Amino acid sequence: MIDFTKTPGWLDWYQGPSKPQFKLPAGAIDSHCHVFGPSDVFPYSPERKYTPCDASKAQLFALRDHLGFAKNIVVQATCHGADNRALVDALTHSDGKARGVATVKRDVSDAEIQRLHDAGVRGVRFNFVKRLVDFTPKDELMEIAGRIAKWGWHVVIYFEAVDLPELWDFFSALPTTVVVDHMGRPDVSKPVDGPEFELFIKFMTEHENVWSKVTCPERLTLTGPAALNGERDAYHDVVPFAKRLVETFPDRVIWGTDWPHPNLKDHMPDDGLLVDFIPLIAATAALQQRLLVDNPSRLYWPEEIKNGA
Ligand code: 0GY
């Protein structure tokens with residue numbers, strides 16, 4: 001049996017998350033979360049850069065119900081490489097309440113893309129975070145993007161803010177809707193109107209096909225979960241960044257928990273507290289409805305909108 005001992009220092013997800021005070025709108029979608037293994041059924045990739053704790057579909061669906069979400073978007077994590085079996089297993093056992101984002105390689109067949117589509121996959125993820133993946137040539141990624149576009153899928157991109165200038169032209173040439181993970185990972189110790197975040201705002205302004213996940217305050221924060229005003233007002237250094245995106249691009253933002261929060265070293269967030277971050281960045285019911293229901297539905301369940309469901 002292969003040894004899948006967790007990476008030293010790996011933090012397990014928060015046990016017994018609190019009930020959020022914020023009441024999610026009906027049909028709210030957690031648009032960024034993962035399943036890990038279980039490794040005895042779905043082994044981790046030999047190419048992985050970390051070994052997580054197992055985090056099963058049943059545990060994810062229990063969290064969904066506890067927090068009050070209606071649906072999940074399960075995103076393929078790098079520890080599973082381009083082996084999408086755990087993802088597909090979660091989607092096909094979700095009673096139609098989960099769709100997903102896969103990782104594929106250049107040699108993926110049309111039959112495999114169709115199989116993933118039938119299971120509920122609606123996007124591919126390109127990861128440029130160097131601590132997570134080995135380099136993939138851009139022509140290979142562009143070829144994949146061109147192929148999956150025919151299925152109406154989008155491309156999810158994950159990169160660090162400092163790398164945006166170098167990646168700008170490649171991202172601009174992508175032929176699909178493009179969804180940026182975690183606001184392009186800004187350094188939140190820099191001003192929200194400073195050159196780094198302004199570049200990201202410019203990127204979204206100039207490219208109407210680009211969306212952003214306003215996710216991961218727990219990953220971006222320097223002040224941590226310490227409260228500012230009231231005990232559930234956490235991660236306040238990230239609020240101005242997410243709020244600016246929500247208010248500037250209300251139809252191109254989505255939100256997710258990022259459960260089970262891979263690679264956090266300092267603290268593991270209470271997922272209930274994370275949900276209470278939402279009204280801090282989307283202050284009105286109209287913005288919350290778009291962020292949590294309307295926008296992710298357009299990306300992941302467009303047929304329900306067409307049918308008026
Ligand atoms: C996230 C963030 C991280 C990891 C991955 O696929 C992954 O391994 O996305 C990270 O370490 O920043 O979105 O889960």
Side-chain angles (χ1 to χ4, degrees), residues 4 6-14 29-37 39 42-57 59-60 63 72-88 90 98 100-105 121 123-136 141 154-164 167 178-188 211-222 235 238 241-242 253-269 271 274 277 296:
F4 287 122
K6 286 184 292 182
T7 298
W10 183 272
L11 297 179
D12 288 356
W13 71 87
Y14 195 93
I29 300 172
D30 176 350
S31 294
H32 187 95
C33 46
H34 310 286
V35 286
F36 294 153
S39 60
F42 304 112
Y44 299 119
S45 163
E47 300 150 28
R48 70 192 180 283
K49 306 292 183 202
Y50 62 85
T51 304
C53 59
D54 287 342
S56 72
K57 59 182 185 287
Q59 289 162 324
L60 174 64
L63 180 74
N72 294 112
I73 305 305
V74 185
V75 177
Q76 176 77 352
T78 55
C79 56
H80 278 297
D83 176 352
N84 296 291
R85 281 178 296 165
L87 167 68
V88 165
V101 175
T103 297
V104 299
K105 294 197 170 156
V121 170
V124 290
R125 191 178 194 209
F126 296 166
N127 202 319
F128 300 90
V129 178
K130 296 175 186 83
R131 71 184 156 79
L132 291 173
V133 283
D134 295 325
F135 175 77
T136 306
L141 297 176
H154 58 274
V155 174
V156 172
I157 50 177
Y158 190 22
F159 60 93
E160 310 266 4
V162 289
D163 295 325
L164 179 56
L167 292 163
V178 174
V179 183
V180 178
D181 274 341
H182 318 332
M183 305 189 277
R185 289 201 63 121
D187 175 348
V188 301
W211 298 37
S212 179
K213 295 182 194 169
V214 284
T215 35
C216 282
E218 75 288 2
R219 200 175 281 289
L220 301 172
T221 186
L222 299 170
Y235 309 115
V238 187
F241 294 81
V253 284
I254 57 178
W255 190 89
T257 56
D258 194 31
W259 186 90
H261 311 287
N263 297 310
L264 291 186
K265 301 279 181 316
D266 298 330
H267 84 285
M268 186 49 64
D271 295 281
L274 279 181
F277 180 76

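Since the structure is predicted, the reported quantities are computational estimates derived from the model, not experimental observations. When a ligand or atom number is given, it counts from 1 through the structure's own listing order.
Shown here are the ring-ring contact (aromatic ring centres under 6.0 Å, His included) partners of Phe126, two or more places apart in sequence or in another chain: there are none.
Of all the heavy atoms of Asp258, the ones lying under 4.0 Å from any atom of ligand 1 belong exclusively to the side chain. Looking at Thr78 against ligand 1, both its backbone and its side chain come within 4.0 Å, counting heavy atoms. Contact annotation: for Arg185 versus ligand 1, heavy atoms closer than 4.0 Å belong to the side chain alone.
From the protein, the heavy atom lying nearest to atom 9 (O) of ligand 1 is Arg125 NH2, 2.8 Å. Among protein heavy atoms, atom 14 (O) of ligand 1 sits closest to His34 NE2, 2.7 Å. For atom 13 (O) of ligand 1, the closest heavy atom belonging to the protein is His182 NE2, 2.7 Å.
A salt bridge between Lys213 and Asp258 is absent, with no side-chain N of the basic residue lying under 4.0 Å from a carboxylate O of the acidic one.
Those atoms of ligand 1 with a heavy atom of Tyr50 less than 4.0 angstrom away are 7 (C), 8 (O).
Enclosure of atom NZ in Lys6 by more than 12 non-hydrogen atoms of other residues, nucleotides or ligands within 6.0 angstrom is indicated.
The minimum heavy-atom distance between Gln59 and Trp259, with the atom names listed, is CB-CH2, 3.8 Å.
Ring geometry for Trp10 versus Phe36: interplanar angle over 60°, hence perpendicular rather than tilted (30 to 60°).
Remark: distances from the non-hydrogen atoms of His261 to ligand 1 are all 4.0 Å or more. Heavy atoms of His32 approach ligand 1 to within less than 4.0 angstrom.
Aromatic rings from His182 and His32 are positioned such that their centres are separated by under 6.0 Å.
The main-chain N or O of Phe128 is never found under 3.5 Å from a side-chain atom of Glu160 such that the two would form a donor-acceptor pair.
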